[in-house]
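In this text the structure is predicted, and so the values were computed from the model without any measurement. Residue numbers begin at 1 in each chain, while the letters A, B, ... track the order of the sequences.
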Amino acid sequence: MRVVRLTRAELPVDTAELARFLVGKVVVRDLPDDRISGRIVETEAYLPRDAACHAYRGETPRNRSLFLEFGHAYVYVSYGIHRMLNVAGGARGIGAGILIRAVEPLQGIELMQARRGLERVTDLARGPGKLAQAMEITLGLDGLDLTREGPLWLGRIDRPTGSIGVSVRIGITKETDLPLRFFERGSPYVSGPKRLSV
DNA sequence: CGGCTGATGATCT
DNA sequence: GATCATCAGCCGG
């Protein structure tokens with residue numbers, strides 16, 4: 001399978017636009033001897049002046065990557081257990097990002113199954129915590145430029161993206177009414193309640 | 001499938 | 001000390 005790395009020039013600067021753009025693109029995790037990759041089927045945008053965004057209260061040690069130029073990785077720990085993979089949005093200095101919520105496994109499926117302790121491919125990376133576990137997303141990847149060669153980067157493949165649906169975001173307690181979740185309609189790899197993925 | 005609950009620890013106040 | 005961009009397990013329909 002041929003995966004071509006995305007360049008920063010082809011990424012939308014606007015965070016919501018980038019969130020939509022990333023559906024259908026590919027996350028590639030290059031390990032010393034193996035490649036794990038998955039096609040993004042679900043994202044959520046977190047904007048500046050959005051109380052649900054980790055950057056809302058300003059820059060801190062944890063969220064500094066959100067203020068990097070769009071296309072950098074922001075990885076953090078949620079609920080003390082799960083790691084979340086995000087892509088920074090907006091120009092340098094703008095705190096915004098996109099949570100990658102689910103991918104359709106493409107390469108390294110056996111490795112994902114081993115890491116997750118599951119067989120069902122639709123359960124390997126359906127949800128941000130599952131995705132991070134399956135793809136070995138670690139805190140050490142925080143701050144990486146995802147448009148450069150390295151252990152984690154973004155690419156595209158020659159395959160059409162289906163119709164993209166929009167809904168409110170999942171699992172948050174603030175700004176719960178904003179239509180900032182994007183997903184590929186009909187994909188069995190999308191997470192969340194079914195009513196939000198129509 | 002939807003709804004609920006406990007686990008669990010980094011982060012910030 | 002409170003909060004939390006989640007998940008697995010369990011239950012009822």
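What separates OH of A:Y46 from P of C:dC4 is a distance of 12 Å, to the nearest Å. Straight-line distance from the CD atom of A:E44 to the C1' atom of C:dT6: 12 Å, rounded to whole Å. Rounded to an integer number of Å, the gap from CG of A:L99 to P of C:dC4 is 16 Å. Distance, A:L85 CG to C:dT6 P: 14 Å, rounded to whole Å. Between the NE2 atom of A:H82 and the P atom of B:dG6 there is a distance of 16 Å, rounded to whole Å. Between the P atom of C:dA5 and the CZ atom of A:R57 lies a distance of 12 Å, rounded to the nearest Å. In this structure, CE of A:M84 is placed 15 Å from P of B:dG9, rounded to the nearest angstrom. Distance, A:N86 CG to C:dC4 P: 16 Å, rounded to whole Å.
A:Q107 has its side chain within reach of A:V3: a pair of non-hydrogen atoms, C-beta onward, lies under 4.5 Å apart.
Comparing A:R116 and A:I98 by the nucleotide of DNA chain C that holds the closest heavy atom to each, the one mapping nearer the 5' end is A:I98. If you find the closest nucleotide of DNA chain C to A:K174 and to A:L131, the one lying nearer the 5' end belongs to A:K174. DNA chain B is contacted by both A:R195 and A:T60; A:R195 maps to the nucleotide lying nearer its 5′ end (nearest heavy atom per residue).
The phosphate of B:dT11 (OP1 or OP2) has no side-chain N or O of A:R64 nearer than 4.0 angstrom. Within the 4.0 Å cut-off from OP1 or OP2 of C:dT6, at least one side-chain nitrogen or oxygen of A:R101 is found. Dashed line: the shortest gap from a side-chain N or O of A:T173 to OP1 or OP2 of C:dC4 is under 4.0 Å.
Looking at heavy-atom distances under 4.0 Å, A:R62 makes contact with sugar-phosphate atoms alone, never a base. A:R181 comes within 4.0 angstrom of nothing in the nucleic acid, heavy atoms only.
When distances run from any side-chain atom of A:P61 to the nucleotides B:dA7, B:dC12, C:dC7, the shortest one goes to B:dC12. With B:dT8, C:dA8, B:dG2 as the candidates, the nucleotide lying closest to the side chain of A:K194 is B:dG2. Relative to the side chain of A:C53, the nucleotides B:dA7, B:dT13, C:dA5 differ in distance, and C:dA5 lies closest. In the set C:dA8, C:dA5, B:dT8, the nucleotide with an atom closest to the side chain of A:Y76 is C:dA5.
Hydrophobic clustering of Ile, Leu, Val, Met, Phe, Trp and Tyr side chains at less than 4.5 Å, counting indirect connections, unites A:I98 with A:I137.
Judged by Watson-Crick or G-U wobble contacts below 3.5 Å, the nucleotide B:dT8 has no partner. The base-pairing partner of C:dA5, taking Watson-Crick or G-U wobble contacts with both distances under 3.5 Å, does not exist among the strands shown.
Under the 3.5 Å distance criterion, the side-chain polar atoms of A:R169 are left unmatched by any main-chain donor or acceptor of A:E44.
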#### Entry: Audit row: A:K25, A:E10, salt bridge (charged side-chain N to carboxylate O under 4.0 Å, His left out) steps and yes/no
CA-CA 12 Å; A:K25 303 305 185 295; A:E10 59 191 304; over 6 Å; no

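Between the side chains of A:R115 and A:Q133, no donor-acceptor pair of N or O atoms lies under 3.5 Å. Donor-acceptor pairing under 3.5 Å is lacking for the side chains of A:S187 and A:R126.
Per the stacking criterion (ring centres < 5.5 Å, plane angle < 30°), A:Y79 stacks onto the base of C:dC4.
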